[in-house]
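Worksheet: one structure, shown below.
These numbers come from a predicted model, not from an experiment. Both ligands and their constituent atoms are indexed starting at 1 by order of listing.
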Amino acid sequence: MLNIGCHLSPSKGLLAMGKTALALGANTFQFFTRNPRGSRAKPMNAEDAAALMAFAESHAFSRFLAHAPYTLNACSASPETREFAEQTMADDLSRMEYLPGNYYNFHPGSHVGQGTEKGIQMISDLLNRILRPEQHTVVLLETMAGKGSEVGGRFEELRAILDRIVLPEKVGVCLDTCHVFDAGYDIVNHLDDVLDEFDRIIGLSRLKAVHLNDSKNQMGSRKDRHEKIGQGHIGLEALVRVSNHPLLRSLPFCLETPNETEGYAAEIALLRSHFIE
Ligand code: FE
Ligand code: FE
Ligand code: ZN
């Protein structure tokens, strides 16, 4: 069975979000841990979290993803901005302990002219300060489009971050199809080569989840504008090859396409209909 879901809002509660996922035909999902612009988070409702965990288990959901606010920058030039990212992520990870065994995805950051090396060091240093041996969440570095000074547009950059992590079993990677395509990896014509390269540089065992998105722009555009499945430059066929690929097919796939719930339900059904059991 294809493990697929979409980005959802937890605004009506965690259990309600799980029920919405199920109603859309999903068996996984992703949600922002707080307002995506990074404001204060509501305290975690332990009862609601336990209800979501039981619901996900009883409906055979795969692991799901929380997404850090995309405005955090672990490698900002400003110490205050880095400190804010650190506090927010540490707080999110302690809240994620109410949802044990799932993933916490984040954008590595933008080095804003300090250089990729410096960025890599700041990101890994931050992770090393917040990761705990006893935590039950694996933090995922998202592959980025390489827009502006983003770190993580090249597999080598993610590898360099992973190499500096003191608790490597607590950190993995989430591959975003729109981002890698925009970064110049040809997943349309050479998916096997891209996965080979991923395996050689990062190691496929570190790949824990996929963001399944089409792209409004051409390969290598470094733009990061998501498109609906089949309406962009990646196209349905290539995305179906991704979701069916023997090395990927058991991972959780999450849609982050420009859709409301009905559009997501249709894309989930479409991708399920193309999944070869
Ligand atoms: Fe993201
Ligand atoms: Fe993404
Ligand atoms: Zn994106």
Side-chain angles (χ1 to χ4, degrees), residues 3-10 26 28-38 62-75 85 88-89 92-93 96 102-110 119 123 127 137-155 157-158 161 171-185 187 194 198 202 206-229 231-234 238-239 242-243 248 251-259 263-264 267-268 271:
N3 298 311
I4 187 162
C6 60
H7 195 88
L8 292 172
S9 162
T28 184
F29 55 89
Q30 174 178 270
F31 64 101
F32 283 126
T33 53
R34 59 188 74 213
N35 178 304
R37 303 209 56 85
S62 76
R63 291 171 196 243
F64 52 82
L65 289 78
H67 194 307
Y70 49 73
T71 46
L72 300 183
N73 189 1
C75 56
T88 302
M89 290 175 67
D92 280 350
L93 283 179
M96 285 299 287
N102 294 295
Y103 297 123
Y104 180 63
N105 174 83
F106 81 112
H107 296 180
S110 293
I123 295 158
L127 286 172
T137 302
V138 171
V139 175
L140 303 183
L141 301 163
E142 184 167 352
T143 60
M144 300 311 293
K147 189 175 59 176
S149 65
E150 271 174 0
V151 178
R154 301 292 313 165
F155 296 159
E157 296 167 10
L158 297 176
I161 296 170
V171 186
V173 174
C174 173
L175 185 147
D176 185 309
T177 55
C178 169
H179 296 178
V180 292
F181 183 72
D182 284 21
Y185 292 99
I187 57 171
V194 172
F198 188 102
I202 299 177
R206 308 305 290 272
L207 182 60
K208 306 298 184 190
V210 175
H211 285 163
L212 203 62
N213 303 307
D214 214 324
S215 174
K216 284 192 194 295
N217 295 99
Q218 310 229 0
M219 189 181 72
S221 63
R222 296 177 148 237
K223 284 278 201 324
D224 188 5
R225 302 269 323 276
H226 300 192
E227 182 53 284
K228 292 179 179 156
I229 301 298
Q231 297 187 24
H233 285 85
I234 301 176
L239 291 166
V242 169
S243 61
L248 307 175
L251 296 171
F253 290 87
C254 201
L255 300 162
E256 303 173 306
T257 46
N259 276 304
Y264 275 137
E267 288 187 349
I268 289 166
L271 289 155

- [ ] Taking 2.8 Å as the upper limit, name the protein N, O or S atoms near the Zn ion (ligand 3).
- [x] His179 NE2, Asp224 OD1, His226 NE2
Task: Which atom of Thr257 lies closest to which atom of Asn213, heavy atoms considered - done: N-OD1, 3.5 Å
Under 3.5 Å side-chain donor-acceptor pair for [X] and [Y]:
| X | Y | value |
| --- | --- | --- |
| Asn259 | Glu267 | yes |
| His7 | Glu256 | no |
| Asn3 | Thr28 | no |
| Gln231 | Asp214 | no |
| His179 | Asp224 | yes |

- [ ] Mind listing the protein N/O/S atoms less than 2.8 Å away from the Fe ion (ligand 2)? Waters don't count.
- [x]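 Listed by chain and number, the nearby protein N, O or S atoms are Glu142 OE2, Asp176 OD2, His211 ND1, Glu256 OE1.
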Task: Phe106 and its side-chain contact (heavy atoms from CB on, under 4.5 Å) partner, picked from Leu72, Val139, Leu140 - done: Val139
- [ ] Look at the side chain of Thr143 and the backbone N and O of Gly152, then say whether any donor-acceptor pair between them is shorter than 3.5 Å.
- [x] no
- [ ] Could you tell me whether Tyr185 and Phe155 have their ring centroids closer than 6.0 angstrom?
- [x] yes
